[in-house]
Amino acid sequence: MLTRKQHELICFINDRLEASGVSPSFEEMKDALDLKSKSGVHRLISALEERKFIRRLPNRARALEVLRMPERPETARKATPATAAPAGNVKKLPEPANDVIEIPLHGRIAAGVPIEAFEGHSMLAVPAALLGGGEHYALEVSGDSMVDAGILDGEYALIRRADTARDGEIVVALIEDSEATLKYFRREGAMIRLDPANRAYDPQRYAPAQVRVQGKLAGLLRRYD
């Protein structure tokens with residue numbers, strides 16, 4: 001039989017998976033259960049895993065799968081002494097929907113005046129549903145020149161690696177192999193024009209030899225503090 005907190009946690013995880021396809025974070029689980037620390041969440045997760053109610057998906061950050069559900073409180077009085085419902089009665093989500101993968105986070109990229117490219121290197125956990133095929137990396141947006149395209153300061157731009165682009169696509173452009181910027185890509189005669197999405201900024205024009213496309217915008221990840 002599950003404890004009250006174990007029951008609350010598995011219901012919270014299952015409800016979040018059904019709503020978004022992504023497991024809640026340990027911080028979200030701690031707050032939802034009104035626990036004082038995330039160590040309590042770890043103990044509850046381990047207990048549910050030992051009882052075969054959930055499993056952790058290997059090599060995936062923050063990825064859990066619900067194997068079976070206990071009876072909800074309103075139906076528990078009618079249940080037999082066994083507290084777990086048969087696994088066949090639980091609607092399982094497709095495994096990829098719960099997939100959270102890590103991609104390189106290369107640093108901050110200017111959405112205003114170009115800054116030095118790729119400051120530092122770490123990893124960022126991203127729901128796989130936000131990414132398509134190909135190789136990806138992330139950059140933290142710095143500046144406001146792309147606000148009219150919905151790209152805000154402090155967000156993470158998810159970039160699909162590419163070395164070519166069509167007119168009108170939002171790209172990471174590496175300028176003279178030293179500075180990177182996030183802009184609309186356009187050809188203007190013999191020049192490359194990088195357009196902002198903010199009237200306060202002017203387009204930037206470069207000779208083709210000065211600009212190398214490093215990738216195209218695939219998605220955005222917004223952080224809420």
Side-chain angles (χ1 to χ4, degrees), residues 1-105 122-138 140 154-161 217-225:
M1 180 178 294
L2 298 183
T3 66
R4 182 174 60 85
K5 286 294 186 185
Q6 290 168 357
H7 192 282
E8 288 178 1
L9 180 59
I10 193 172
C11 289
F12 178 67
I13 294 170
N14 190 65
D15 290 346
R16 180 63 66 87
L17 287 173
E18 288 185 347
S20 67
V22 179
S23 304
S25 68
F26 276 64
E27 185 70 26
E28 290 170 329
M29 289 187 260
K30 177 181 75 71
D31 293 342
L33 272 67
D34 197 25
L35 298 174
K36 294 182 178 180
S37 70
K38 287 186 281 189
S39 62
V41 175
H42 282 281
R43 287 194 294 271
L44 293 172
I45 290 288
S46 296
L48 291 170
E49 195 172 22
E50 289 175 4
R51 290 167 170 79
K52 308 298 184 187
F53 281 93
I54 64 173
R55 75 179 178 103
R56 303 183 215 219
L57 300 177
N59 302 319
R60 296 172 186 172
R62 217 185 85 181
L64 299 171
E65 180 183 17
V66 175
L67 300 175
R68 57 180 181 143
M69 283 291 292
E71 295 286 350
R72 294 280 185 172
E74 59 268 22
T75 61
R77 290 189 297 271
K78 301 177 183 178
T80 62
T83 60
N89 291 344
V90 178
K91 180 182 179 182
K92 293 177 67 175
L93 295 171
E95 189 168 299
N98 189 36
D99 196 1
V100 178
I101 62 176
E102 292 190 334
I103 61 176
L105 175 61
S122 57
M123 303 298 288
L124 180 69
V126 178
L130 294 180
L131 306 175
E135 185 181 356
H136 294 78
Y137 60 92
E140 186 178 357
E155 292 185 336
Y156 294 106
L158 309 179
I159 307 299
R160 181 181 299 110
R161 290 190 184 275
L217 183 69
L220 290 168
L221 191 62
R222 183 164 298 171
R223 178 176 58 194
Y224 295 94
D225 296 326

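From a predicted model like this one, the values you see are computed outputs, not experimental measurements.
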Participant: Please give me the minimum heavy-atom distance between Gly40 and Leu35, naming the atom from each residue.
Facilitator: C-CD1, 4.0 Å
Participant: Do you know which two heavy atoms are closest between Leu217 and Ala157, and how far apart they sit?
Facilitator: CD1-CB, 3.9 Å
Participant: Listed by chain and number, what are the salt bridge (charged side-chain N to carboxylate O under 4.0 Å, His left out) partners of Lys5, not counting sequence neighbours?
Facilitator: Glu8
Participant: Find the distance between NE2 (His7) and CG (Leu44) and round it off to the nearest 0.5 Å.
Facilitator: 13.0 Å
Participant: Going by heavy atoms in the side chains, are Leu158 and Leu220 under 4.5 Å from each other?
Facilitator: no
Participant: Could you pull out all residues at least two apart from Arg43 that satisfy side chain to side chain contact (heavy atoms under 4.5 Å, CB included)?
Facilitator: Ser39
Participant: Which heavy-atom pair separates Ile103 from Tyr137 by the least distance, and what is that distance?
Facilitator: CD1-C, 3.7 Å
Participant: Any idea which heavy atoms bring Gly133 and Arg160 closest together, and the distance?
Facilitator: O-NE, 3.0 Å
Participant: Within the structure provided, determine whether Ile101 and His136 are in side-chain contact (heavy-atom separation under 4.5 Å).
Facilitator: no
Participant: So do Glu65 and Ser23 actually touch side chain to side chain, heavy atoms under 4.5 Å?
Facilitator: no
Participant: Heavy-atom distance under 4.5 Å between the side chains of Ile13 and Ile45, does that happen here?
Facilitator: yes
Participant: Say you draw a straight line from CG of Leu48 to CG of Leu9; how long is it, rounded to the nearest 0.5 Å?
Facilitator: 5.5 Å
Participant: Can you measure from CZ (Phe26) to NE2 (His42) and round to the nearest 0.5 angstrom?
Facilitator: 4.5 Å
Participant: I need the minimum non-hydrogen distance between Phe53 and Met69, along with the two atoms involved.
Facilitator: CE2-C, 4.3 Å
Participant: Once rounded to the nearest 0.5 Å, what's the spacing between atom CG of Leu33 and atom CD of Gln6?
Facilitator: 10.5 Å
Participant: Got a second to check how far Arg16's CZ is from Cys11's SG, nearest 0.5 Å?
Facilitator: 14.0 Å
Participant: What residues form a side chain to side chain contact (heavy atoms under 4.5 Å, CB included) with Glu27, not counting sequence neighbours?
Facilitator: Ser25, Lys30, Asp31, Lys38
